[in-house]
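Below: one structure, written as structure tokens.
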Amino acid sequence: LVCIDNCVKIVNLRGERNDRSAELSFHFCVQTVVCLQDSVLAFWTHGMQGQSLQTNEITQEITDESRMFRVLGTQRDIILQSIPSNDPGAHSNLYILTGHESSY
């Protein structure tokens, strides 16, 4: 995976794309990408969006402008931190995202 701004591209080990390689565009600047078996999860400051690698369709989406999110880990489970947008010094909430199948 190569991620630049709001675009995620699938490349081979030499950094080359083939004609069938997926190129996914998002309406936000991607901060963290998690590749699943048949989709990609892209995280940004106020949420996340999942897109299918086969059809580019949105498979899931969460947006909450009142919260700021940050991915803390992606080994086995995805650990997500959430803090209020209007009080970055406030205590944070931690979430473990489950229900997805990772590609390893």
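The residues of the chain are indexed from 1 along the displayed sequence.
No hydrogens or angles considered: nothing links the side chains of E65 and S85 as a donor-acceptor pair under 3.5 Å. In the model, S52 has no side-chain atom that pairs as donor or acceptor with a side-chain atom of E57 under 3.5 Å.
At least one side-chain heavy atom of I58 sits under 4.5 Å from a side-chain heavy atom of Q49. Contact check for D77 versus L97: no side-chain heavy atoms found under the 4.5 Å cut-off. Side-chain contact check for M48 versus Q60: some heavy-atom pair is nearer than 4.5 Å.
Across all non-hydrogen atoms, the minimal contact from S82 to R67 is OG-NE, 2.8 Å. The two atoms that bring F69 and G47 nearest to each other are CD1-N, 3.5 Å, heavy atoms only. Scanning all heavy atoms of the two residues, the minimum distance from R17 to I10 falls at CG-O, 3.5 Å.
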query = Can L53 and D38 be said to form a side-chain contact (heavy atoms from CB on, under 4.5 Å), step by step?
reply = CA-CA 6 Å; L53 289 171; D38 59 353; 5.7 Å; no
Working for side-chain contact (heavy atoms from CB on, under 4.5 Å), residues C3 and V30 = CA-CA 8 Å; C3 180; V30 177; 3.6 Å; yes
query = Checking side-chain contact (heavy atoms from CB on, under 4.5 Å) for the pair L80/L72: CA distance, chi angles, key distance, verdict?
reply = CA-CA 6 Å; L80 191 64; L72 300 179; over 6 Å; no
query = Where do L41 and I78 land on the side-chain contact (heavy atoms from CB on, under 4.5 Å) test, with the steps shown first?
reply = CA-CA 10 Å; L41 298 179; I78 299 170; 3.7 Å; yes
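When hydrophobic clusters are built by joining Ile, Leu, Val, Met, Phe, Trp and Tyr residues whose side-chain heavy atoms come closer than 4.5 Å, directly or via intermediates, I62 is grouped together with V34. Side-chain heavy atoms closer than 4.5 Å link hydrophobic residues (I, L, V, M, F, W, Y) into clusters, and following such links, even through other members, never connects V71 to M68.
Within the 3.5 Å criterion, the main-chain N or O of I83 finds no donor-acceptor partner in the side chain of S92. Looking only at distances, no side-chain donor or acceptor of H46 sits under 3.5 Å from a matching main-chain atom of S66. The closest donor-acceptor contact from the side chain of Q51 to the backbone of S25 lies under 3.5 Å.
With values rounded to the nearest 0.5 angstrom, C35 atom SG is found 4.5 Å from L1 atom CG. Here CG of L36 is found 8.0 Å from OG1 of T59. Values are rounded to the nearest 0.5 Å. In this structure, OG1 on T45 lies 11.5 Å from CZ on R70, to the nearest 0.5 angstrom.
Within 6.0 Å of the CD1 atom in I96, the count of heavy atoms belonging to other residues, nucleotides or ligands does not exceed 12. More than 12 heavy atoms of other residues, nucleotides or ligands lie within 6.0 Å of NE2 in H27, so this atom counts as buried by the packing criterion.
Under the 30°/60° scheme for interplanar angles, the aromatic rings of F28 and W44 are found to lie parallel.
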